[in-house]
Amino acid sequence: MRNKRYLALFAGVLLLAYSCKKSKETEPTDDGVTEELLFHVHHMVSDKPLNFSSVFKTISGQKYTVSMLRYYLSNIRLVKTDGAEVPVTGKYLLVTPGIADYSIGQVPVGDYKGIKFSVGIDSLANHSDPTAYPAGHPLAVQTPAMHWSWNAGYIFTMIEGSCDTTLNGTDTLKFGQFSHGMFFHIGMDKLYRTVELNSSFSITTTGSNTLVLQTDLNKFFVNIDLKNENGTHTMDAMPLAIKGANNTPSMFSIAQ
């Protein structure tokens, strides 16, 4: 009798385990479901939209204009709520103020607590040949050039314009520019910088999945004296290039 009760109990346990297994196997799951993620980029100078026809002032009050802004974003990773990172492999973005929307590609549906990306090109791709990429690819030959033939590497960040270098700030515009040119062409492996942005967002199967990325160009110029520090091709003024590279991550935020 006791053995029969044990056998009946054991059979019941097996039946319950089997039922649970079958139930789990038939439950719907979001595993493998992906949707397209877009970056929508706003370029600002403090609280003003960036344009190529205005005079701006750094935080320290030095006047400048901008005629060009271009930079590479790569190594994009979405940070899940548990801290795990979801990499977006092989994606390189060449960002310019003339283009607002950039496709990141298909990413898993779910909740995230932040995003990481790098400004620049990873070492392997940085030393690749731009002519090996098809036209239209961000790493292909660009006009204006974003690659140094003499240095066998990409320009990670390009900022050009003009600045007022007079002692009393009285330089006047001629053809929309101050009399002194300003240029920051920053590259090289050691100036590759990573940005970490903590802001919750979700990728869903309904509606548009767009992350609004905002940049503040004035944060690039923090602790840079434009009267004396206004030009670098990286190797010719490495300390200034390092300053710019170190300031770059602080330019980015996620607009709510």
Side-chain angles (χ1 to χ4, degrees), residues 30-44 69-128 130 132-134 136-140 142 146-147 153-159 186-205 207-217 219-220 244-256:
D30 286 335
D31 289 350
V33 177
T34 64
E35 290 290 337
E36 184 183 23
L37 172 63
L38 297 175
F39 276 176
H40 182 81
V41 186
H42 286 166
H43 290 97
M44 308 289 290
L69 172 63
R70 310 180 95 198
Y71 54 88
Y72 280 106
L73 299 183
S74 64
N75 192 25
I76 300 167
R77 290 153 289 159
L78 279 62
V79 183
K80 299 171 69 175
T81 54
D82 63 0
E85 296 183 3
V86 178
V88 181
T89 58
K91 176 62 68 173
Y92 298 92
L93 305 178
L94 178 55
V95 182
T96 72
I99 301 174
D101 294 317
Y102 300 84
S103 176
I104 307 306
Q106 295 290 315
V107 300
V109 167
D111 297 325
Y112 298 89
K113 68 175 184 178
I115 192 166
K116 298 180 181 180
F117 54 83
S118 296
V119 181
I121 307 295
D122 58 275
S123 181
L124 182 62
N126 188 32
H127 300 288
S128 61
Y133 297 95
H137 191 284
L139 299 184
Q142 302 292 325
M146 290 295 290
H147 187 274
Y154 287 85
I155 301 172
F156 297 167
T157 301
M158 177 182 287
I159 302 171
I186 298 175
M188 299 186 67
D189 291 343
K190 67 179 182 179
L191 300 185
Y192 182 71
R193 294 292 183 267
T194 296
V195 179
E196 299 185 22
L197 301 176
N198 298 315
S199 183
S200 298
F201 63 94
S202 297
I203 303 298
T204 68
T205 57
S208 173
N209 295 295
T210 300
L211 206 56
V212 180
L213 194 64
Q214 187 162 293
T215 67
D216 179 358
L217 187 58
K219 292 184 177 179
F220 177 89
N246 289 344
N247 285 344
T248 299
S250 67
M251 292 170 50
F252 297 91
S253 62
I254 295 177
Q256 300 298 324

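Side-chain atoms are counted along with the backbone in the values below, which use heavy atoms only and exclude waters and symmetry mates. Computed from a predicted model, the values in this text were never measured in an experiment. Each residue takes its place number in the sequence, starting with 1.
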Handout entry: Nearest heavy atoms of Ile121 and Ala125, plus distance in Å
Key = CG2-CB, 3.5 Å
Handout entry: From CZ (Phe117) to OG1 (Thr194), nearest 0.5 Å
Key = 9.5 Å
Exercise for the section: Quick one: list whatever passes salt bridge (Lys or Arg N to Asp or Glu O under 4.0 Å) with Lys91, sequence neighbours left out. Expected result: none
Problem - Partners meeting side-chain contact (heavy atoms from CB on, under 4.5 Å) with Asp82 (sequence neighbours left out) - result: Lys80, Ala84
Exercise for the section: Identify, with sequence neighbours excluded, every residue that meets side-chain hydrogen bond (donor to acceptor under 3.5 Å, both in side chains) alongside His42. Expected result: His40
Practice task
Please tell me if the side chains of Leu37 and Ile76 come closer than 4.5 Å, counting only heavy atoms from C-beta onward.
Solution key: no
Completion exercise
Here the salt bridge (charged side-chain N to carboxylate O under 4.0 Å, His left out) pairs for residues 188-201, sequence neighbours left out, are none
Handout entry: Pairwise distance CG(Leu197) to CD1(Ile254) - rounded to 0.5 angstrom
Key = 4.5 Å
Handout entry: Check: Ser74/Ser118 side-chain N/O donor and acceptor closer than 3.5 Å
Key = no
Exercise for the section: Could you tell me whether a side-chain N or O of Thr248 sits under 3.5 Å from a main-chain N or O of Gly244, the two making a donor and an acceptor? Expected result: yes
Problem - Inter- and intrachain pairs under salt bridge (charged side-chain N to carboxylate O under 4.0 Å, His left out), touching residues 247-256, at least two apart - result: none
Problem - All pairs passing ring-ring contact (aromatic ring centres under 6.0 Å, His included) where residues 71-95 contributes a residue, at least two apart - result: His43-Tyr71, Tyr71-Phe252, Tyr72-Tyr154
Exercise for the section: Can you sort out the partners of Ile99 under side-chain contact (heavy atoms from CB on, under 4.5 Å), two or more places apart, ordered by chain and number? Expected result: Thr96, Tyr102
Handout entry: side chain to side chain contact (heavy atoms under 4.5 Å, CB included) partner of Pro138, chosen from Leu93, Leu94, Leu73
Key = Leu94
Practice task
With rounding to the nearest 0.5 Å, note down the distance linking OG in Ser253 to NZ in Lys219.
Solution key: 6.5 Å
Problem - Residues in salt bridge (Lys or Arg N to Asp or Glu O under 4.0 Å) contact with Arg77, at least two apart in sequence or another chain - result: Glu85
Handout entry: Residue pair Glu36 / Ser103: nearest heavy atoms and the distance that separates them
Key = OE2-OG, 2.7 Å
Handout entry: From Asn75 atom CG to Tyr192 atom OH, the distance as rounded to the nearest 0.5 Å
Key = 4.0 Å
Exercise for the section: Could you tell me which residues satisfy side-chain hydrogen bond (donor to acceptor under 3.5 Å, both in side chains) with Thr81, sequence neighbours excluded, listed by chain and number? Expected result: none
Throw together a table of side-chain donor-acceptor distances under 3.5 angstrom for residues 104-115, partners on residues two or more places apart or in other chains.
{"residue": "Gln106", "atom": "OE1", "partner": "Thr34", "partner atom": "OG1", "Å": "3.0"}
{"residue": "Gln106", "atom": "OE1", "partner": "Glu35", "partner atom": "N", "Å": "3.4"}
{"residue": "Asp111", "atom": "OD1", "partner": "Ser202", "partner atom": "OG", "Å": "2.6"}
{"residue": "Tyr112", "atom": "OH", "partner": "Pro108", "partner atom": "O", "Å": "2.7"}

Exercise for the section: To the nearest 0.5 Å, tell me how far Arg70 CZ sits from Met158 CE. Expected result: 7.0 Å
Quiz: residues 208-217 side-chain donor-acceptor pairs under 3.5 angstrom, not counting sequence neighbours:
{"residue": "Ser208", "atom": "OG", "partner": "Thr210", "partner atom": "OG1", "Å": "2.9"}
{"residue": "Asn209", "atom": "OD1", "partner": "Thr204", "partner atom": "N", "Å": "2.9"}
{"residue": "Asn209", "atom": "ND2", "partner": "Thr204", "partner atom": "O", "Å": "2.9"}
{"residue": "Asp216", "atom": "OD1", "partner": "Ser46", "partner atom": "N", "Å": "2.8"}
{"residue": "Asp216", "atom": "OD1", "partner": "Asn218", "partner atom": "N", "Å": "3.0"}

Handout entry: From CG (Asp122) to NE2 (His127), nearest 0.5 Å
Key = 9.5 Å
